[in-house]
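A short write-up of the structure that comes next.
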Amino acid sequence: MSTVKLDHSLMQELDLLKQEGRAKPPERIIDHYIPPKEEYGPRYTLVGNDHEFIRLNSNSYLSLSHHPELMAAADKATHEFGVGPGAVRFIDGTFTYHAGLERRVAAFVGKPSAKIFNSAYTANCGLALSLSHKKTHWIGDQLNHNSIIRAMRISNIPRANKGIFKHNDMTDLKRCLEEVRPDMERVIVIFDGIFSMRGDYAPIDKINALCQDYDSKFKDGVITVVDDSHGIGAYGDTGRGTSDFCGASPDIIIGTFGKAFGVNGGFIAGSPTLIESVRQTADTYIYTNPLSVADCAAAIKAIDICDSDTGLSLLKNLKERTLQFRQGLERLGKESIPGPHPVVPVLVRDTQKTHELVAYLFDQGILVVGLTFPVVPRGDETIRCQINACHTAADIAYVIDCLNNFE
Ligand SMILES: Cc1ncc(COP(=O)(O)O)c(C=O)c1O
């Protein structure tokens, strides 16, 4: 037996991806973290390159990954319980840190209960597995993250039990709600809180109000679910995310510990009965080892910090630097999508120029992501910049200066 024939076919499939422009570039490898010095924030070096880079492509909005209290908490938990759980949750793989993180994150997002997952991706898939039966109808925003799209696919419901509404369009959401067959029992409306390629947000207050109008038509009602992976910790007056910003909470909140909180892992928060149902029926929770206690301890500490004066001052710096960057772009006449979120797209609207700009910024020591077709529609080619709390006024001024010098 050998994989020669299989490798041949796979090679052809990979070539096709390249031809279609869908292949990912080789992964760069970071080999050093250089702590902030003088008026500059942290820098990174890459294998095979002498430059020191600013990361303008990190989801670590509050820059907590290197926070000494998070690292000390992870160390302490590791020395108490070791580096791995040894089994899945229901076979004695549950430690005090898992239960503690569930209580902590539920309290932070204002829900009575939560379950933690290895990632927000597996949380979305788990929720779909738990909530779906023959009489479940799913409705989602057209720009939802891949994990939600995949979750809706693996829920095994027929095509007819799904609706997609135009991005943030309440009239189209109403159309989707109208189209739900009357024999359906449960309607789930699911959407990103912050849309990660654009930095704009779902109007949760409006979505809740519209869904409420249809709630009584279905046995289990119309349930609203936000995946606020890019919002929680980074958005709203107190960093509680898109709900905080909109002044309205959906029925179920999904989030990640791997972005603003700077760690790893995901969660679902909602009613105690929902969470017990997830525990009993979500395969992506049941049949896989949980996060390490180190991850859990670091995530608890990250939430504690986010919930403190230190967190508020990190959020303040994040907002100030985001504003500085957005105002800089405006001065240069660069097109963006307005809003206060630290995901700041720079619309280039040309594939070749997008690649050139990404390469130019790389040469200047700045890491950004270029988004071209088919990731974004033709004509919407963009570079996505992400501001983090560790960026300084000097860092942002440098990036704006570089953008100004690009021809
Ligand atoms: C909306 C949304 N959900 C889920 C994820 C995945 O998060 P995680 O890395 O925790 O799986 C992302 C991140 O890319 C995201 O933007």
Side-chain angles (χ1 to χ4, degrees), residues 24 27 55 57-62 64-65 101-102 105 108-109 114-129 138 140-155 164 167-168 188-202 204 207 224-236 241-243 245-246 250 252-269 278 282-285 288-292 295-296 298-299 302-303 337 339 341-345 368-369 371 375-376 382 384-388:
K24 309 266 179 293
E27 288 165 16
R55 281 190 75 185
N57 59 2
S58 167
N59 300 314
S60 197
Y61 299 112
L62 293 179
L64 290 173
S65 303
L101 178 55
E102 285 167 348
V105 74
F108 184 74
V109 299
K115 268 286 139 212
I116 57 170
F117 284 72
N118 288 315
S119 65
Y121 202 110
T122 51
N124 275 316
C125 294
L127 184 75
L129 291 168
W138 285 82
D141 187 289
Q142 82 179 120
L143 295 189
N144 275 348
H145 185 258
N146 174 281
S147 55
I148 300 180
I149 297 166
R150 179 59 60 199
M152 284 167 77
R153 285 191 184 138
I154 66 169
S155 65
I164 304 293
H167 178 52
N168 274 350
I188 316 292
V189 177
I190 186 164
F191 45 89
D192 287 22
I194 299 293
F195 290 84
S196 57
M197 301 295 161
R198 301 166 51 86
D200 58 348
Y201 69 95
I204 301 181
I207 295 175
T224 52
V225 185
V226 72
D227 172 349
D228 207 12
S229 288
H230 285 268
I232 291 170
Y235 206 52
T242 310
S243 301
F245 188 81
C246 295
I252 301 172
I253 299 179
I254 288 173
T256 182
F257 302 112
K259 300 194 193 296
F261 293 135
V263 191
N264 241 333
F267 67 88
I268 300 174
V278 163
D283 291 359
T284 55
Y285 172 83
T288 180
N289 273 10
L291 294 173
S292 69
D295 280 335
C296 295
I303 300 173
I337 296 171
H341 193 269
V343 166
V344 186
V368 293
V369 180
L371 306 169
V375 177
V376 293
T382 299
R384 180 177 71 167
C385 301
Q386 290 168 286
I387 309 304
N388 292 178

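We count ligands from 1, going down the list as the structure has it; atoms in each ligand are counted the same way. Note that these values count all heavy atoms, side chains included, but never hydrogens, waters or copies made by symmetry.
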Taken in chain and number order and not counting sequence neighbours, the residues that satisfy salt bridge (charged side-chain N to carboxylate O under 4.0 Å, His left out) with K115 are E102
The salt bridge (charged side-chain N to carboxylate O under 4.0 Å, His left out) partners of D141 (sequence neighbours excluded) come to none
contact_flag G266 ligand 1 heavy-atom lt 4.0 Å:
no
Please answer whether the main-chain N or O of T122 pairs with a side-chain N or O of T284 as donor and acceptor at a distance below 3.5 Å.
yes
I'd like to check which ligand 1 atoms, numbered from 1 as shown, lie under 4.0 Å from a non-hydrogen atom of [X].
X    : value
T256 : 8 (P), 10 (O)
D192 : 1 (C)
S147 : 3 (N), 4 (C)
S229 : 2 (C), 3 (N), 4 (C), 15 (C)
S196 : 16 (O)
Y121 : 11 (O)

| message | Checking the N or O distance criterion of under 3.5 Å, is ligand 1 in contact with H145? | response | yes
Notebook entry, point to check: Is N124 close to ligand 1, meaning an N/O of one under 3.5 Å from an N/O of the other?
Noted result: no
I'd like to know if the side chain of [X] pairs up with that of [Y] as donor and acceptor (distance under 3.5 Å, no hydrogens or angles considered).
X    : Y    : result
H230 : Y235 : no
D228 : T242 : yes
H167 : D200 : yes

Within the 4.0 Å heavy-atom cut-off, what A120 brings close to ligand 1 is both
Note: S119, heavy atoms under 4.0 Å from ligand 1, region reported as both
- Message: Less than 6.0 angstrom separating the ring centers of H341 and Y61, yes or no?
- Response: yes
Between A120 and S229 the two heavy atoms that sit nearest each other are CB-OG, 3.5 Å
Correct closest heavy-atom pair for L291 and N264 would be CD1-O, 3.8 Å
heavy-atom search around atom 13 (C) of ligand 1 in the protein gives K259 NZ, 2.6 Å
heavy-atom search around atom 3 (N) of ligand 1 in the protein gives D227 OD2, 2.5 Å
